[in-house]
Amino acid sequence: MWEKVLAMAKRRGFIWPAFDIYGGMRGFYDYGPLGAELKKNILKIWRDYYVVQEGMAEIDSPNLSPEDVFRASGHLDKFEDYMTVCEKCGSAFRADKLLNIEHADSLSADELWEEMQKEKIKCPECGGPLSKPEPFNLMFKTRIGPKGKRERVGYLRPETAQAMFMDFSYLYRYFREKLPFGAVQIGKGFRNEISPRQGLLRLREFNMAEAEVFFDPENKSWPGFDRYADDEILLLPNTGGEMRISLGKAVKKGIIKNEALAYFIGLTRDFLLKIGIDEGKLRFREHLEDEMAHYADDCWDAEVLLSYGWVEIVGIADRTDYDLKRHMEFSGERLVAMRRYDEPKEIERLEAVPDFKKLGPLFKKDAKKVAEALKSMDPSALKGAVKVKVDGKEYEVPESAYTVKKVKKKVSGEEFIPHVIEPSYGIDRILYAVLEHNYNEIEEEGETYRILSLPPSVAPIKVAVFPLMPKDGLDSMALDIYRDLLRMGFRAVYDDSGSIGRRYARMDEIGTPYCITVDYQSLEDGTVTIRMRDTKEQVRLKIHELPEKLKEMGMSGGMRG
RNA sequence: GCAGGCGUGAUCUAGCUGGUUAGGAUAAGGGCCUUCCAAGCCCUUUGCCCGGGUUCGAAUCCCGGCGCCUGCACCA
């Protein structure tokens, strides 16, 4: 099946292998004119959901990031594997997985090699000797800046999410310090896949649309949840089994852990159906514990049934406060939100007050740090001489250098690190799924007709205009209509070559929902026929009624819907 | 990354035990014809994945690379 879809996609200009004249490069594809248009339409609808309806803020950040970012995000460690190859049968393995010790995944190449020799590890397949482990990081590494001192190591981002975390404080202020709010980004991600395959399903450079929804972990209810609460969805929870259940019930029964997650499952389903994913081939599957990404606490994938099997196209992950916490730790910046009380509270609490007259002479340069360490300790536990640790050194602070006092303070709220729900969409996979789910072949009189039943809103070409014959003034009339439609912002084509049936067939194959034909009656009464792709049904109407009719049939003009 | 299979115009394919100008179908462009679903006729365009070797001669045999497919491994 995918061969047929990909052959059509290649022939008609949806998808082309990239760098083809140089032999191609696996894991890289070009979108041809129709594919680029289709992608644009899918993203437009995605934005309608996330940016327009949900009011999320769209940002746009660099593809290339300095190393620090991925040190914090965990991708540098968790994304790097050491591979060892059997010198006899050629099988490749992750070195750390072959060892019988704990935390083998944190060892260096040399340590792994040492350990492998100690344990006398042989190839699990054939018993042959294994090579020294070689690092393999899924991120593309490069250098930023001129060679020399100024040079920094950079990586192409493996996901777009990090920017939303790094910009958290800006976003929080932008949203006037109110949660929940969401930020989205549409962009490219890069992963140096070991063995990309299966067309658009595993690319090395891919398009993704991600939303990071920040909310208070104490309140995982979701404002508009009612909208999707009654939607019946096919769920596969990680406790096993398969069920069709409404989202409201799933939350009540604890199958989906909170409303926020469930809401975005509902929204994702709504979006996918809108762009033409087949409902009967859609399900939501919860990740198994050991399947989860290093940052995720829970994750539901939207999976679609393709000729390759069930394929993940959207991941909806509960990233908790993992990312903000890590960036706080690595950058030293405070990435927190405020939970405001209804009224400011006056609270009384114990506080350690250091006496710098004493601390100064005692600890010199480190005095300030000692004081800070002292303040961060539990004041009720402070008694007598206290030991504090500063930069690995231990100091003893005498009782006379500080006092513990009761202090009254006005507090208008408390700080906390927001949690994040992340719906992450693989646009290329989604686009392919839309093609495959809408691709139909009909055998008629020994000939194969192909119809791409795309929803009008995503179809790359919205309408075609044909003269029945390219003569007798039919052609000039059709050209006028075509130009008017273009001016009104419709994606239209004009075609007068070959027989009319051939032209319809061409349009059917690329999913054009409507064809307008100018015939001899048109010359007499100013009417044309409009033909529906899926039913081949024709309706006759006045030319001036066309724009209204086209809009009514569920498609938007390019300019404004 | 390993193993196996495969690679002929835009698409599908014949030729592949070496031997003329690599054949067909579809598509595409032009023309004729044609009053609504890939009709017909004429003309035209595009090809042996890349590189090396063996040979008088390679699409064909051998080696290497690249790509595609399947399996294994990998897929935060």
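Lettering of chains follows the sequences in order, A, B, ..., and the numbering in each one begins at 1.
B:C6: Watson-Crick or G-U partner is B:G67, with both key distances under 3.5 Å. Taking a pair to require two hydrogen-bonding distances under 3.5 Å in either a Watson-Crick or a G-U wobble arrangement, B:C41 pairs with B:G31. B:A14: no Watson-Crick or G-U partner with both key distances under 3.5 Å is found in any strand. Pair assignment for B:A73 gives none, since no Watson-Crick or G-U wobble pairing has each distance under 3.5 Å. Searching all strands for a Watson-Crick or G-U wobble partner of B:C61 with both distances below 3.5 Å returns B:G53.
Between A:Phe271 and A:Tyr50, the distance separating the two ring centers is not shorter than 6.0 angstrom. Aromatic ring centres of A:Phe214 and A:Phe168: separated by under 6.0 Å. For A:Trp46 and A:Tyr425, the ring centers are positioned less than 6.0 Å apart. Taking the six-membered ring where the residue is Trp, the centroids of A:Tyr155 and A:Phe190 are separated by 6.0 Å or more.
Base contact: A:Pro470 has a heavy atom under 4.0 Å from a base atom. A:Gln538 comes within 4.0 angstrom of a nucleotide base, judged by non-hydrogen atoms across all strands.
Here, B:C12 and B:A28 have their C1' atoms 15 Å apart, quoted to the whole Å. Here the separation of B:C6 from B:U13, taken at their P atoms, is 14 Å to the nearest Å. One C1' atom belongs to B:G7, the other to B:C49, and the distance between them is 6 Å to the nearest Å. As rounded to the nearest Å, B:C36 and B:U20 have P atoms that lie 50 Å from one another. Spacing between B:G15 and B:C75 at atom P, rounded to whole Å, works out to 43 Å. B:G30 and B:U70: their C1' atoms are spaced 44 Å apart (whole Å). One P atom belongs to B:A59, the other to B:G51, and the distance between them is 12 Å to the nearest Å. If you take atom C1' in B:A10 and the same atom in B:C48, they sit 16 Å apart, rounded to whole Å.
Taking atom CD1 on A:Ile451 and atom P on B:C37, their separation rounds to 15 Å, with Å as the unit. Taking atom CG of residue A:Leu474 and atom P of nucleotide B:C33, one finds them 15 Å apart after rounding to whole Å. Atom pair A:Met469:CE and B:A39:P shows a separation of 12 Å (rounding to whole Å applied). The distance between atom NE2 of A:His75 and atom P of B:C75, rounded to the nearest whole Å, is 13 Å. Between the CZ atom of A:Phe19 and the P atom of B:G67 there is a distance of 11 Å, given to the nearest Å. In this structure, CG of A:Leu201 is placed 16 Å from C1' of B:C74, rounded to the nearest angstrom. The distance from atom CZ of A:Arg26 to atom P of B:C69 is 9 Å, rounded to the nearest whole Å. One can place OH of A:Tyr514 at 24 Å from P of B:C36, the figure rounded to the nearest angstrom.
An OP1 or OP2 oxygen of B:U11 is reached within less than 4.0 angstrom by a side-chain nitrogen or oxygen of A:Lys10. In this model, the phosphate group of B:A38 is approached by a side-chain N or O of A:Tyr449 to a distance below 4.0 Å at OP1 or OP2.
Shown here are the salt bridge (charged side-chain N to carboxylate O under 4.0 Å, His left out) partners of A:Glu58, two or more places apart in sequence or in another chain: A:Arg47.
Checked against B:G67, B:C75, B:U35, the side chain of A:Arg202 finds its nearest nucleotide in B:C75. The listed nucleotides are B:G67, B:A38, B:U35; the one nearest the side chain of A:Arg450 is B:A38. Ranking B:G67, B:U11, B:C75 by closeness to the A:Arg11 side chain, first place goes to B:U11.
In this structure, A:Lys257 places its NZ atom where more than 12 heavy-atom neighbours from other residues, nucleotides or ligands lie under 6.0 Å away.
With 3.5 Å as the limit, one finds a donor-acceptor pair spanning the side chains of A:Ser61 and A:Gln185. A:Asp297 and A:Tyr322 form no side-chain donor-acceptor contact under 3.5 Å, judged by distance and modelled atom types alone.
For residues 529-536 of chain A, proximity to RNA chain B is found at A:Thr529, A:Arg531, A:Lys536, defined as any non-hydrogen atom under 4.0 angstrom from a strand atom. Scanning residues 494-507 of chain A for heavy-atom distances under 4.0 Å to RNA chain B yields A:Ser499, A:Ile500, A:Gly501, A:Arg502, A:Tyr504, A:Ala505, A:Arg506.
Of the charged side-chain nitrogens involved, none lies within less than 4.0 Å of a carboxylate oxygen, so that A:Arg326 and A:Asp321 do not count as a salt-bridged pair. Taking the charged nitrogens against the carboxylate oxygens, A:Arg11 and A:Glu509 do have a contact shorter than 4.0 Å, which makes a salt bridge.
Nearer to the 5' terminus of RNA chain B, by closest-nucleotide assignment, is the contact made by A:Arg540 (compared with the other of A:Tyr22 and A:Arg540). Heavy-atom nearest nucleotides on RNA chain B were determined for A:Tyr520 and for A:Ala7, and the one closer to the 5' end corresponds to A:Ala7.
With hydrogens and angles ignored, the 3.5 Å screen pairs a side-chain donor or acceptor of A:Ser331 with a backbone N or O of A:Glu333. For A:Arg283 (side chain) and A:Val304 (main-chain N/O), no donor-acceptor pair under 3.5 Å exists by modelled atom type.
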